[in-house]
Amino acid sequence: MATVALTAANFDEVTGKDGIVLVDFWASWCGPCVRFAPTYERSSEKHPDITFGKVDTEAEQALAAKFDIRSIPTIMAVRDGIVVFAQPGALPESALESLIEKVEQLNMDEVREQISAHRKGAHGDSAKAEETAAAGRS
């Protein structure tokens with residue numbers, strides 16, 4: 001499968017569906033990005049069931065900012081609409097294949113439970129902080 005150009009207009013639609021989407025944040029002036037491109041393309045051909053997307057950070061600065069991309073290339077893995085991995089740096093082919101295997105093996109029910117527990121904990125902490133602040137004002 002060829003790579004898909006991801007833009008602000010199609011990013012949420014492509015990454016929000018069920019399945020795995022790998023995203024390569026890159027730029028044409030970036031040497032490591034250009035050297036990583038053939039590896040990424042070969043991997044896309046080996047895994048037709050996975051969507052391989054590319055975000056040109058020069059053309060899609062808002063997307064790069066949304067995901068706080070500070071170094072390119074950055075590889076992101078999204079599964080069932082959830083970002084499960086993001087790391088800057090070009091990966092060797094073996095590491096990219098290993099990443100794909102790990103993402104395929106994820107138990108997404110467990111991932112969703114962890115996210116839910118984290119959100120509850122974060123909201124609980126902020127509620128406690130608000131209670132403490134309110135008690136201090138009394």
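- Not one N or O on the side chain of S116 forms a donor-acceptor pair closer than 3.5 Å with the backbone of E113.
- Looking at residues two or more places apart in sequence or on another chain, you find a side chain to side chain donor-acceptor pair (under 3.5 Å) between R112 and D109.
- Going from atom CD of Q114 over to atom CZ of R119 covers 12.5 Å, rounded to the nearest 0.5 Å.
- You'll find the side chain of I100 stays beyond 4.5 Å of the side chain of I20, heavy atoms only.
- Looking at heavy atoms from C-beta onward, H118 lies out of side-chain contact with I115 at the 4.5 angstrom threshold.
- There is no path of hydrophobic side-chain contacts, each under 4.5 Å, that joins V34 to L6.
- The backbone N or O of A5 lies less than 3.5 Å from a partner atom in the side chain of N10, making a donor-acceptor pair.
- Rounding to the nearest 0.5 Å places CG of L96 at 6.5 Å from CG of L22.
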Please list every donor-acceptor pair under 3.5 Å in which a side-chain atom of residues 61-86 meets a protein atom from a residue at least two apart or in another chain.
unit_1 : atom_1 : unit_2 : atom_2 : d
Q61    : NE2    : E58    : O      : 3.3
K66    : NZ     : D12    : OD1    : 3.4
D68    : OD1    : R70    : NE     : 2.9
D68    : OD1    : R70    : NH2    : 3.2
D68    : OD2    : R70    : NE     : 3.3
T74    : OG1    : S71    : O      : 2.5
R79    : NH1    : V103   : O      : 2.8
R79    : NH1    : E104   : O      : 3.2
R79    : NH1    : L106   : O      : 2.9
D80    : OD1    : G19    : N      : 2.8

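- Residues E97 and S43 meet the side-chain proximity criterion, which asks for heavy atoms closer than 4.5 Å.
- The shortest side-chain heavy-atom distance between T51 and K17 falls under the 4.5 Å cut-off.
- A donor-acceptor contact shorter than 3.5 Å links the side chain of T57 to the backbone of W26.
- Below 30°, between 30° and 60°, or above 60°: for F52 and Y40 the angle between ring planes is above 60°, a perpendicular geometry.
- In this structure, K54 NZ and T7 OG1 are separated by 15.0 Å, a value rounded to the nearest 0.5 Å.
- The nearest pair of heavy atoms linking T39 to P92 is CG2-C, 4.5 Å.
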